[in-house]
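Here's the structure, in structure tokens; my notes come after.
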Amino acid sequence: MTRIMDKTMNRALLAAAAALLIAQPALAQTPAALAPAEEPASQFERDRQSILAQAGQWRVRFDMRENVSFREGYQPLEEKLSAGDEIVRVVYDDGDRISLQHILVMGDDNGNVHIIKHWRQDWVYQPETVLTYAGPNRWTLTPVSEDQRRGAWAQTVWQTDDSPRYGGVGRWDYSHGVAEWASAPTWRPLARRDAVRDPIYDRYLGTNRHALTPAGWVHLQDNVKMGPSEGDDADLSAIVQEDVINTYRKVDNYDPKPGDDYWSATKDYWAGVRAAWEERVVASGGLYLEEEANRGAVTGKALMDWAVDVQQGRLTTEAAIDRARDLIGRATVAP
């Protein structure tokens with residue numbers, strides 16, 4: 001598929017400068033105020049089917065590479081390639097709200113299968129508010145204007161423990177035979193692959209794209225890595241541009257049952273976890289949550305471990321949700 005991103009230095013710098021001046025929407029929280037009927041029914045349903053087409057059984061290829069350095073002396077990293085088997089299941093489909101859960105199903109040379117709850121993407125049609133990443137450890141609930149949300153979908157990406165990561169608002173487009181959704185540039189926290197290196201940048205300014213392909217779909221990210229962390233946002237500068245191309249190819253050569261069994265056993269627990277995060281966002285008009293370089297959110301390990309305890313019968317769903325609510329409540333109190 002033809003790449004749709006301009007890689008020139010001027011474009012990256014202009015995108016960074018524009019986003020520093022204009023708050024960009026990032027994460028859907030509330031249902032649409034404008035009824036889907038205000039858009040042509042065929043367009044709305046076509047959008048929905050494009051989102052739902054991302055569910056299924058996939059072989060994923062992860063391709064990450066830094067391309068253009070904007071800081072003297074900074075040498076872009078070598079390309080990072082990896083692959084894995086991943087199922088994507090529909091958590092809910094309420095018409096104008098759709099949630100998709102990614103689950104890695106990884107086999108080893110000894111015939112063992114390892115299940116990892118991966119990221120989640122939520123879609124909301126014509127959202128009223130989004131949760132904007134506001135710098136290290138902080139997100140802010142931000143309104144979306146009527147002209148921004150009309151006919152648009154917000155896509156929110158959540159981390160493995162269902163804590164927020166990033167999101168954006170955009171419209172599905174079907175020009176030139178490609179079904180594609182693209183966000184405006186939005187702030188997002190460092191991914192673990194970078195955070196563990198103690199880098200000189202502390203956040204990304206990223207554009208997010210999802211496009212359908214004959215074999216499945218592709219997730220494209222154009223990230224400008226920004227730093228330093230000191231001072232106000234106005235003092236941030238572009239350090240290096242990165243492409244991320246995650247390709248999802250439909251396959252049936254592995255058994256998805258271990259992943260589906262995990263989800264069946266833990267989905268009620270994770271529903272309680274999602275509700276706890278949403279309550280904190282709504283109550284505070286945003287979120288404070290500390291992140292660790294080697295793990296991501298400080299809540300990550302415990303929330304993931306309790307899900308395994310639920311699946312293996314060491315902990316009831318109700319008890320695990322109680323623990324999760326307590327942990328999330330304590331972890332989201334700003335110092």
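As the structure is a computational prediction, the values presented were derived from the model and not from experiment.
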Taking the side chain as every heavy atom from C-beta outward, state whether Y262 and V310 have any pair of such atoms under 4.5 Å apart.
no

What I want to find out is whether R97 reaches D122 closely enough, with some N-O distance under 4.0 Å, to be called a salt bridge.
no

Residues D173, R171: salt bridge by 4.0 Å N-O rule
no

Determine, using the 4.5 Å side-chain heavy-atom cutoff (strictly less than), whether Y248 and V90 are members of one ILVMFWY cluster.
yes

In W181, W58, W119, the residue satisfying ring pair (Phe, Tyr, Trp, His ring centres under 6.0 Å) with H219 is W119

Check whether the side chains of R61 and T247 place a donor and an acceptor atom closer than 3.5 Å, and report yes or no.
no

Can Q126 and Q148 be counted as having a side-chain donor-acceptor contact under 3.5 angstrom?
no

side-chain contact (heavy atoms from CB on, under 4.5 Å) between V333 and R280, intermediate numbers included:
CA-CA 10 Å; V333 175; R280 294 299 296 168; 4.2 Å; yes

How about Y174 and D47: does a side-chain donor come under 3.5 Å of a side-chain acceptor?
yes

If we count only N and O atoms by modelled type, under 3.5 Å, do the side chains of N67 and D243 hold a donor and an acceptor together?
yes

Less than 4.0 angstrom from a charged side-chain N to a carboxylate O is my criterion; do E146 and R150 meet it?
yes

E242 with R193: basic N within carboxylate O range, under 4.0 Å:
yes

Is I116 reachable from W263 through a run of I, L, V, M, F, W or Y residues, each pair having side-chain heavy atoms under 4.5 Å apart?
no

Working for side-chain hydrogen bond (donor to acceptor under 3.5 Å, both in side chains), residues Q121 and H102
CA-CA 8 Å; Q121 47 173 315; H102 293 236; 3.0 Å; yes

Sidechain N-carboxylate O distance under 4.0 Å for E66, K225
yes

Charged N-O contact under 4.0 Å between E86 and R59:
no

Presence of salt bridge, D93 and R48, under 4.0 angstrom
yes

Between D194 and R192, does any NZ, NE, NH1 or NH2 come within less than 4.0 Å of an OD or OE carboxylate oxygen?
no

Can you give me the closest heavy-atom contact between R325 and A276, atom names plus distance?
CG-CB, 3.9 Å

Please say yes or no: joined through hydrophobic side-chain contacts below 4.5 Å, possibly via intermediate residues, are V308 and V273 part of one cluster?
no

Are V157 and L104 connected in a single hydrophobic cluster, I mean Ile/Leu/Val/Met/Phe/Trp/Tyr linked by side-chain heavy atoms less than 4.5 Å apart?
no

Under a 4.5 Å cut-off applied to non-hydrogen side-chain atoms, are R197 and L77 in contact?
yes

Same apolar cluster (I L V M F W Y, side chains within < 4.5 Å links), V282/Y288
no

